[in-house]
Number of protein chains: 2
Amino acid sequence: MKIDPNSSADLSAQIAQAIRDAIVNGDLIVDERLPSESELADHFNVSRPTVREALKRLAAQSLIRTQRGAAGGAFVNRLRFEDAYSQQITTSTLLLSMNAVSFETACEARYALERACAPLSAQRRTADHLATMRAEIVRQSQPGLTDEAFCASDVAFHRALVDGAGNPVLSYHLAGAVEAMQPLMNMITFTARSREAIVALHSRIADAIEAGDGAAASAGLTALEEETLKLGQTVFAERQRKERPAAN
Amino acid sequence: MKIDPNSSADLSAQIAQAIRDAIVNGDLIVDERLPSESELADHFNVSRPTVREALKRLAAQSLIRTQRGAAGGAFVNRLRFEDAYSQQITTSTLLLSMNAVSFETACEARYALERACAPLSAQRRTADHLATMRAEIVRQSQPGLTDEAFCASDVAFHRALVDGAGNPVLSYHLAGAVEAMQPLMNMITFTARSREAIVALHSRIADAIEAGDGAAASAGLTALEEETLKLGQTVFAERQRKERPAAN
DNA sequence: AGACTTTTAAATGTCAGACAAATAAAATCT
DNA sequence: AGATTTTATTTGTCTGACATTTAAAAGTCT
């Protein structure tokens, strides 16, 4: 594990990268203890605060965890799906809000990805997933609900749909796509009539999932995408210019 | 922007979270300058090294960038898709390697997500995307290629397919799913015969994309998934136990 | 006056040394 | 043997200092 003495980058960034590489390459394995901060400082010929800055960078990515005390130190962390979810959601949310991604583009991506889960979910969902979907539909039908609560319930419904596929890798990738749209959805005022339409489509999708009919579930998602798009266009009309040319 | 004095967490983690929240909530906008390290230290009543550790955490997530010099400081960074790609790929790769995700599960997720892109790509791909796909097919047909180079070309082919959809949000989400499988694919020894089968399927997919036939492209991907699975099962037979129950 | 050079000030990057707090292991005591 | 105390190790935090970079201000020359 070496760093380039000619590099112009921060020492702490270089050290973090060296350790990160060692983890990704498998030179450091899960739960392995890194040398102490002092030892790392000696090894890289830097001071302890510099080493600490490097370790904090890695901790921010959940690549290591630290423990105080005699047998403490920094350990290679097993990156769990739950940890990755929250990072994924934060990153996805910021990507949308900072890059002037149009509502249409975000919507298209979200529903395309969800349709990829629908057939698997129709095949594999447990009774629990279905119950969650039904429960959220009931919640969404209550008249007193705020727009925020309606959106949160919408997310919960779709999460259950996605998780029904029983594939944690899919759930991980979808988490960002679904949750990152919530801030955008929160900007939409849902009339009683539009809520009714959405809830009806949710029921249609839940029915298809219950029946094990993946194609029908996909069709329901497509209809929901159109409905969502229609609602969004009235709100986000001014944004629809500059992001498609910058695609990729 | 406050921190909880009763929390047991590290001060630098708390401060990073406070600033992160401010960015996500829009209290700090892109390119806005944060107070200097000394000012932040005064504000949060901590020392400068502690503030620096917090800032390094944020820098590791590309949420801020720093600049030295008189008009320097820490600035809220516009999170770009390219920056997010590499983080996404690192995270996805580690998720697979550290959680004993079966080859089947990873494969299923990848191809399900790719099929979501196929119809859009068939509709919108530029001549450039198609040319890249064709060029990679030619490269893959060359006999002298190492397994690693074959896999790298495979990734490039699929990236072109995904990017053809012209939706940067989709490309972002797919980047992890596609690239994270490369280490697994690298463990497979491709016989001349299996390469032939893969290249034939790639051609079939490219033809469908060229013809604008999304359904045919999806079908080609399904066939490719089956072929890939077949190859992988001989290598990864021992792994197929414990990850499905731990789903989600 | 205008262009060039020098100086200055502000900010991050790095270092050294110290102490606090947590914690596991070793030593001690009952 | 079991409970308690001590000790050593390690991370967390602070203070203060100096190095380096950089933009702006001040000064100088034509």
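Chain naming here is simple, since letters A, B, ... match the order of the sequence lines and numbering starts at 1 in each.
With rounding to whole Å, B:Glu37 atom CD is found 18 Å from D:dT20 atom P. Straight-line distance from the CZ atom of A:Arg57 to the C1' atom of C:dG13: 11 Å, rounded to whole Å. Regarding B:Arg52, its CZ atom lies at a distance of 16 Å from the P atom of D:dT13, rounded to whole Å. The interatomic distance linking B:Ile64 (CD1) with C:dG13 (C1') rounds to 14 Å, in whole Å. In this structure, CD of B:Glu53 is placed 13 Å from P of C:dG13, rounded to the nearest angstrom. Rounded to an integer number of Å, the gap from CG of A:Asp42 to P of C:dG17 is 12 Å. Computed from coordinates, the B:Leu40 CG to C:dG13 P distance equals 13 Å when rounded to whole Å. Look at CD on A:Gln67: it is 10 Å from P on D:dG12, rounded to the nearest Å.
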Residue pair A:Arg139, A:Glu136: steps toward the salt bridge (Lys or Arg N to Asp or Glu O under 4.0 Å) verdict:
CA-CA 5 Å; A:Arg139 189 199 311 275; A:Glu136 295 300 337; 3.0 Å; yes
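When heavy atoms are screened at a 4.0 angstrom cut-off, B:Arg65 is found touching no nucleic acid atom at all.
For B:Arg48 and D:dG16, a side-chain-to-base donor-acceptor distance below 3.5 Å is absent, hydrogens and geometry of angles not being considered. No hydrogens or angles were tested; on distance alone, a donor-acceptor pair under 3.5 Å links the side chain of B:Arg68 to the base of D:dT20.
Under the 3.5 Å distance criterion, the side-chain polar atoms of B:Thr234 are matched with a main-chain donor or acceptor of B:Leu231. Formation of a donor-acceptor pair under 3.5 Å by the A:Asp83 side chain with backbone atoms of A:Leu79 is not found in this model. Listed for the B:Ser121 side chain is a donor-acceptor partner under 3.5 Å among the backbone atoms of B:Leu161. At distances below 3.5 Å, at least one donor-acceptor pair connects side-chain atoms of A:Asn25 with backbone N or O atoms of A:Asp21.
Of the listed nucleotides (D:dG12, C:dC15, C:dA24), C:dC15 has the atom at the smallest distance from the side chain of A:Ser47.
Nearest-nucleotide positions on DNA chain C place B:Glu39 closer to the 5' end than the other of A:Asn45 and B:Glu39. For the pair B:Leu11 and A:Arg33, both in contact range of DNA chain D, the more 5′-proximal nearest nucleotide belongs to A:Arg33.
The shortest distance between the side-chain N/O atoms of B:Ser36 and the OP1/OP2 oxygens of C:dA10 is not below 4.0 Å. Taking only side-chain nitrogens and oxygens, A:Thr66 never comes nearer than 4.0 Å to OP1 or OP2 of D:dT10.
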